[in-house]
There are 2 protein chains.
Amino acid sequence: MTKAGPSGDELVVMLAALANPLRMRIVATLAGGRDYVSHLAREIGVSRPLLHMHLQRLEAAGLIVGTLELSSDGKAMKYYEIADFDLHLTASALVEAVTTLTRPGSEKGPAPEEQS
Amino acid sequence: MTKAGPSGDELVVMLAALANPLRMRIVATLAGGRDYVSHLAREIGVSRPLLHMHLQRLEAAGLIVGTLELSSDGKAMKYYEIADFDLHLTASALVEAVTTLTRPGSEKGPAPEEQS
DNA sequence: ATCACGTGTAAGAATTGTCTTACGCATGAA
DNA sequence: TTCATGCGTAAGACAATTCTTACACGTGAT
């Protein structure tokens, strides 16, 4: 019954995404309901390009989801909303996560060679 | 009855501490029992100075605790062990954490002015 | 004295992350 | 056409992380 959580690598990305005051605030704000980028930027008091960057990070982590919609007056609006997440962080939870971790400082391509 | 979790700022520090493959591995390893720095470094396969840095970050976040002891043969050994932590991350949990957040890119002094 | 083991810290390179400013394009309304 | 609104992205500055290498100090045993 051990519900499969995110892989170690995914968990790192999620935690890194949440480990930032501004992004935390973004998530908290979105928890109050979906919103589109420009409005959210005004709401929080951040420049739109900056917000855009953070939204990408959050979406890449799977914590929020973006949808491009067309308003009645023909404008393209990008709405973001929270993705349901529920992370339980304990020592033992981490022990399991580490199991599915790719090498610490490992790279993109196929690993060059494993030396014993 | 709402058990007071860490403040928003503290939470950010904790998450940032865990959002790293190596530190995650360190915590997971320590979950198997306390250990001293040099041994832990060999165990994980990292240089001692590097490990030292990460241990500091983890300790600063309150996730691990270090104790300097003297072995029977007179050597100074620094033992680290896990501090009990149990973080539950959900959207609503973050909403509450954000309440106790110091301004995003803000500094020490009193906040300049609140503009509606 | 020298070696093996433990501790710590400092300096610098390489990489990421954060943020601002300045562009680009599209729409509807005036 | 021009303005206000929406979208995105690129370039550069600046700060923070991460990691290596090198050093310093302590002990007990050879």
Side-chain angles (χ1 to χ4, degrees), chain A residues 9 12-27 34-61 63-80 101-108, chain B residues 9 12-27 34-61 64 66-80 101-108:
Chain A
D9 296 319
V12 170
V13 173
M14 286 184 178
L15 294 180
L18 291 178
N20 176 289
L22 182 47
R23 284 195 293 267
M24 216 179 218
R25 186 161 309 196
I26 291 172
V27 172
R34 65 203 297 270
D35 200 355
Y36 65 95
V37 186
S38 288
H39 184 252
L40 186 56
R42 285 185 295 255
E43 196 81 358
I44 301 184
V46 203
S47 74
R48 199 165 47 75
L50 181 56
L51 177 60
H52 182 265
M53 201 208 74
H54 288 296
L55 286 174
Q56 286 219 305
R57 211 124 154 44
L58 286 169
E59 185 170 32
L63 296 168
I64 65 176
V65 182
T67 331
L68 186 61
E69 298 177 18
L70 285 135
S71 71
S72 49
D73 60 332
K75 293 189 183 156
M77 321 277 279
K78 182 118 188 194
Y79 277 89
Y80 276 99
L101 258 190
T102 331
R103 299 220 160 286
S106 216
E107 323 68 35
K108 350 59 228 303
Chain B
D9 295 321
V12 169
V13 174
M14 286 186 178
L15 293 180
L18 291 178
N20 176 288
L22 183 47
R23 283 195 292 266
M24 215 179 220
R25 187 161 308 194
I26 291 171
V27 173
R34 65 204 298 270
D35 201 356
Y36 64 95
V37 185
S38 288
H39 184 252
L40 187 56
R42 285 186 296 256
E43 195 81 0
I44 301 185
V46 202
S47 75
R48 199 167 47 75
L50 180 56
L51 177 61
H52 182 266
M53 202 208 74
H54 288 295
L55 287 174
Q56 285 219 306
R57 212 126 154 40
L58 286 169
E59 186 169 32
I64 64 175
T67 332
L68 187 60
E69 298 178 16
L70 285 135
S71 69
S72 50
D73 60 332
K75 291 186 184 157
M77 321 276 280
K78 182 117 189 195
Y79 277 88
Y80 277 98
L101 256 190
T102 332
R103 298 222 162 284
S106 214
E107 317 69 40
K108 332 83 226 273

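FYI, side chains are in, hydrogens and waters are out, and symmetry mates aren't considered; it's all heavy atoms of this structure. Below, read A as the first sequence line, B as the second, and so on, with proteins coming before strands; counting in each chain starts at 1.
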Could you walk me through whether I26(A) and V46(A) pass side-chain contact (heavy atoms from CB on, under 4.5 Å), step by step?
CA-CA 10 Å; I26(A) 291 172; V46(A) 203; over 6 Å; no
In Å, rounded to the nearest 0.5 Å, how long is the span from NE2 of H54(A) to CD1 of I44(A)?
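Here the rounded value is 9.5 Å.
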To the closest 0.5 Å, what do you measure between CD1 (I64(B)) and CD (Q56(B))?
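Spacing of CD1 (I64(B)) from CD (Q56(B)) equals 9.5 Å.
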Measure the distance from [atom1] on [X] to [atom2] on [N] and round it to the nearest whole Å.
X: L50(B); N: dG12(C); atom1: CG; atom2: C1'; answer: 15 Å
X: M53(A); N: dT20(C); atom1: CE; atom2: P; answer: 10 Å
X: L58(A); N: dT18(C); atom1: CG; atom2: C1'; answer: 14 Å
X: N20(B); N: dT17(D); atom1: CG; atom2: P; answer: 11 Å
X: R57(B); N: dA16(D); atom1: CZ; atom2: C1'; answer: 9 Å
X: L22(B); N: dT16(C); atom1: CG; atom2: P; answer: 16 Å
X: L51(B); N: dC19(D); atom1: CG; atom2: P; answer: 11 Å
X: L70(B); N: dG26(D); atom1: CG; atom2: C1'; answer: 11 Å

Return no unless some side-chain N or O of R23(A) is found under 4.0 Å from OP1 or OP2 of dT18(C).
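Yes, within the criterion.
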Which nucleotide wins on minimum distance to the side chain of D73(A), given the candidates dT20(D), dG28(C), dT21(C)?
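Nucleotide nearest to D73(A)'s side chain: dG28(C).
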Is any side-chain heavy atom of N20(B) closer than 4.5 Å to a side-chain heavy atom of V12(A)?
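SC-SC contact between N20(B) and V12(A) ruled out.
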Of all residues at least two apart in sequence or in a different chain, which pass the ring pair (Phe, Tyr, Trp, His ring centres under 6.0 Å) check with H39(A)?
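Y36(A).
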Between R48(B) and V37(B), which heavy-atom pair has the shortest distance, and what is it?
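So the two residues come closest at CG-CG1, 3.9 Å.
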What's touching nucleotides 4-10 of chain C from the protein side, N or O pairs under 3.5 Å?
unit_1: dG6(C); atom_1: OP1; unit_2: Y36(B); atom_2: OH; d: 2.8
unit_1: dG6(C); atom_1: OP1; unit_2: R42(B); atom_2: NH2; d: 3.0
unit_1: dG6(C); atom_1: OP2; unit_2: R42(B); atom_2: NH1; d: 2.8
unit_1: dT7(C); atom_1: OP1; unit_2: V37(B); atom_2: N; d: 3.4
unit_1: dT7(C); atom_1: OP1; unit_2: K78(B); atom_2: N; d: 3.4
unit_1: dT7(C); atom_1: OP2; unit_2: S38(B); atom_2: N; d: 3.1
unit_1: dT7(C); atom_1: OP2; unit_2: S38(B); atom_2: OG; d: 2.2
unit_1: dT7(C); atom_1: O4; unit_2: R48(B); atom_2: NH2; d: 2.4
unit_1: dG8(C); atom_1: N7; unit_2: R48(B); atom_2: NH1; d: 2.9
unit_1: dG8(C); atom_1: O6; unit_2: R48(B); atom_2: NH2; d: 3.2

